[in-house]
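Notes to accompany the following structure.
Per chain, numbering begins at 1; letters A, B, ... match sequence-line order.
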There are 2 protein chains.
Amino acid sequence: MPAPDITVLEPAAQRGHIAKRVSILDAAANVFCREGYGGANIDMIAAEAGVSRQTVYNHHGDKTNLFVAVVREITERTNAGVFATLATFPDQPRDLEADLIDFAMRLNRNCVCNRDGKFLRKLIQTEGERYPELFETWRTDGPGKTWAALAARFARLAHAGLLEMDDPDVAARQFLALINADLQMSFVLGITPTEEELRTAATNAVRTFLRAYGKSGRQPAENAPSPPA
Amino acid sequence: MPAPDITVLEPAAQRGHIAKRVSILDAAANVFCREGYGGANIDMIAAEAGVSRQTVYNHHGDKTNLFVAVVREITERTNAGVFATLATFPDQPRDLEADLIDFAMRLNRNCVCNRDGKFLRKLIQTEGERYPELFETWRTDGPGKTWAALAARFARLAHAGLLEMDDPDVAARQFLALINADLQMSFVLGITPTEEELRTAATNAVRTFLRAYGKSGRQPAENAPSPPA
DNA sequence: AGAAAATTAGACAGCCTTGTCTAATTTGTC
DNA sequence: GACAAATTAGACAAGGCTGTCTAATTTTCT
C-alpha cells in the first residue's frame with residue numbers, strides 16, 4: 001500500500017501486480033537473451049523473476065506471447081534511447097572532432113553496448129529470419145529512421161561548411177560502421193567494453209571519418225609525427 | 001574391426017560411407033544454422049541428409065559431438081577461404097582504387113556473404129558465450145590473424161608511398177568495417193546481396209577509405225560535381 | 001476484520017526429443 | 001554367389017517442457 005490515494009484511478013490491487021509484471025518481463029528478457037527462444041524455459045524465467053510458474057502464465061498467456069512482449073518492450077526502449085542520443089548530436093560544434101567523439105561514445109554506450117543492444121543483436125540474428133514480422137517495427141522505426149536522422153545531421157553540417165560529402169546517407173552508415181570497428185571482438189565475446197576502450201574506438205573512428213569528410217584540409221594524422229604543413 | 005584390410009589403404013566399403021558422412025555434416029550445418037543448436041533435432045538433420053537417424057548416431061555419436069564437428073569444419077573452411085582471398089590483395093596495384101574495390105568484393109563475396117559466413121556469424125553470436133572454447137580456434141586463427149595480415153599489407157602499401165596511415169591495425173579494422181557498412185541490413189534480413197549491391201558497398205567503402213588514407217591528396221569526392229582543382 | 005483478487009506449490013497429461021536396441025535390408029568386396 | 005559391413009525402419013524408455021488444473025495461501029482493498 002505505497003499509495004493509498006483517494007480517487008483511485010488504478011484498477012485496484014495492482015501495485016505489486018505491475019511490480020511482478022515488470023519483474024517477469026525483465027527476467028524473461030535476460031533468459032531469452034542468454035538461452036535463445038528455444039533454450040529458454042518458463043521455469044527458469046519464473047525462478048529468475050522470483051515468481052511461480054503459474055503467475056507467468058497468468059500475466060502473459062503462453063511462451064510465444066511472453067516473447068513477443070519482451071521483444072516489443074526492448075525494441076521500443078531501444079528506439080527511444082537511440083533518438084534521445086541522436087538529439088545530443090553536435091549541431092553547432094565548438095570543437096567538431098571532440099564533439100563527435102563524445103557523441104560516438106554516447107551512441108555506443110547507450111544504444112549498442114548495453115543489455116538491450118546486446119539482446120537485440122542476438123535475437124535479430126537468431127529469430128529475425130524466422131519471425132520477420134516480429135522485428136518489422138524495429139527495422140522501420142530503428143535503423144531506417146536512425147540512418148536518415150543521422151544523415152540529415154551530417155548534411156546540415158556539410159551545408160554549414162564543416163563537412164564535405166557527396167552522399168550523407170552513405171556517410172551516416174559509414175560513421176556507424178566506423179565507431180563499431182574496434183569493438184567487434186568485444187561483441188563476439190559478449191564483453192562490455194571499458195570506458196577507455198569506448199573512447200579509443202570513438203577517437204579512431206572520428207579521426208578517420210574527418211580525414212575522409214572533414215572540410216579543413218586533411219587532418220595531420222592521428223597522433224603521428226607527420227610532416228609539417 | 002572396421003578395417004579388415006590386407007594391403008588396403010582405404011578402410012574398405014568407405015566410398016559411399018564418406019559420401020554419407022559429408023552429406024550428414026552438410027545437412028547438420030544447414031539445420032544448426034537455421035534452427036540454432038537447441039532448435040535443431042536429429043530427425044531434421046537425418047531427413048535433410050537423406051539418411052536414417054541411426055546412421056547419424058553411427059557417424060558422430062551424439063548431438064554435441066555432431067555440433068562440434070560441424071563448427072570445426074566450417075571454421076577451418078572459412079579460415080582457409082579468408083587467407084586464400086587475402087592472398088589476392090593488390091600488393092602492386094595498377095589502379096589502387098579499382099584494385100581495392102575488387103579485393104573488397106572478393107572478401108565480402110567469398111568470406112562474409114556465403115553460407116559459412118552466415119553460419120559463423122549466427123553461431124558465434126548465439127553460442128559463443130556459452131561454449132567459448134568451441135570458437136577459440138576460430139578467434140585466434142580467424143579474425144586475429146586476418147587483421148594482422150591485412151594490416152601488414154596496408155603497411156607495405158604505406159611504405160611504398162601509396163597510403164598514409166598512422167596505425168595499420170586500426171586501418172585494417174576500419175577497412176573491414178567500412179566494406180560491410182552498406183550490407184548490415186542484408187545481414188539482418190538474412191538476404192544474400194546481389195553482385196551490384198556488393199559492388200556499390202565496396203565502392204563506397206574504398207572511396208572513403210582512400211579519402212582518409214590515400215596519399216595523392218584528397219580524392220575529388222565520389223561521383224559528385226566537385227569544385228575544380 | 002472480512003471479502004476479493006492474486007499468488008503459490010504441486011500434480012498432471014500431452015508432446016517432443018534424445019539415444020539405444022533389434023531385426024530386416026541394402027551395399028560393397030572377394 | 002557368399003560374406004561382412006553399413007544402413008534402415010521402427011519401437012522403445014527416459015527425460016524435459018508446455019500449459020492446465022486444483023487447493024491452499026498470501027496480498028490488497030474496503
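In the model, A:T55 has a side-chain atom that pairs as donor or acceptor with a side-chain atom of A:S52 under 3.5 Å. Judged purely by distance below 3.5 Å, without hydrogens or angles, the side chains of B:Q54 and B:N58 pair a donor atom with an acceptor atom.
Across the protein-nucleic acid pair, B:D43 atom CG and D:dG10 atom C1' stand 12 Å apart, rounded to whole Å. Between B:I42 atom CD1 and D:dC12 atom C1' the separation is 17 Å, expressed in whole Å. Atom-to-atom, CZ of B:R21 to P of C:dT27 comes out at 20 Å; the value is rounded to the nearest Å. Taking atom CG of B:N65 as the reference point, atom C1' of C:dG19 lies 13 Å away to the nearest angstrom. Between the P atom of D:dG16 and the CE atom of A:M44 lies a distance of 12 Å, rounded to the nearest Å. Remark: P of C:dC16 and NZ of B:K63 are 16 Å apart, rounded to the nearest angstrom. Atom P of nucleotide C:dA6 and atom CD1 of A:I18 are separated by 13 Å, given to the nearest angstrom. Between A:H17 atom NE2 and C:dA4 atom P the separation is 19 Å, expressed in whole Å.
Here the side chain of B:Q54 is nearest to one of C:dC21, D:dT20, C:dT7, namely C:dC21. The side chain of B:R53 approaches D:dC12 more closely than any other nucleotide in the set D:dA9, C:dT7, D:dC12. In this structure, of C:dT20, D:dT8, D:dG19, it is D:dT8 that holds the atom nearest to the side chain of B:N58.
Of the listed residues (B:T203, B:N204, B:T208, B:L210), just one forms a side-chain contact (heavy atoms from CB on, under 4.5 Å) with B:V206, and that residue is B:L210.
Judged by a 6.0 Å distance limit and a 45° cone about the ring axis, B:K63 is not positioned over the six-membered ring of B:F32.
B:H59 comes within 4.0 angstrom of sugar-phosphate atoms only, judged by non-hydrogen atoms across all strands, and of no base. When heavy atoms are screened at a 4.0 angstrom cut-off, B:A40 is found touching the sugar-phosphate backbone but no base atom.
Nearer the 5' end of DNA chain D, as judged by each residue's closest nucleotide, is the contact made by B:T55, out of A:Y57 and B:T55. Looking at which nucleotide of DNA chain D each of A:N41 and A:G61 is closest to, the 5′-most match is held by A:N41.
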Stepwise salt bridge (Lys or Arg N to Asp or Glu O under 4.0 Å) check, B:R173 with B:D167:
CA-CA 10 Å; B:R173 284 198 292 270; B:D167 185 337; 5.8 Å; no
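For the OP1/OP2 pair of D:dT8 and a distance below 4.0 Å, the side-chain nitrogens and oxygens of B:K20 include at least one atom meeting the criterion.
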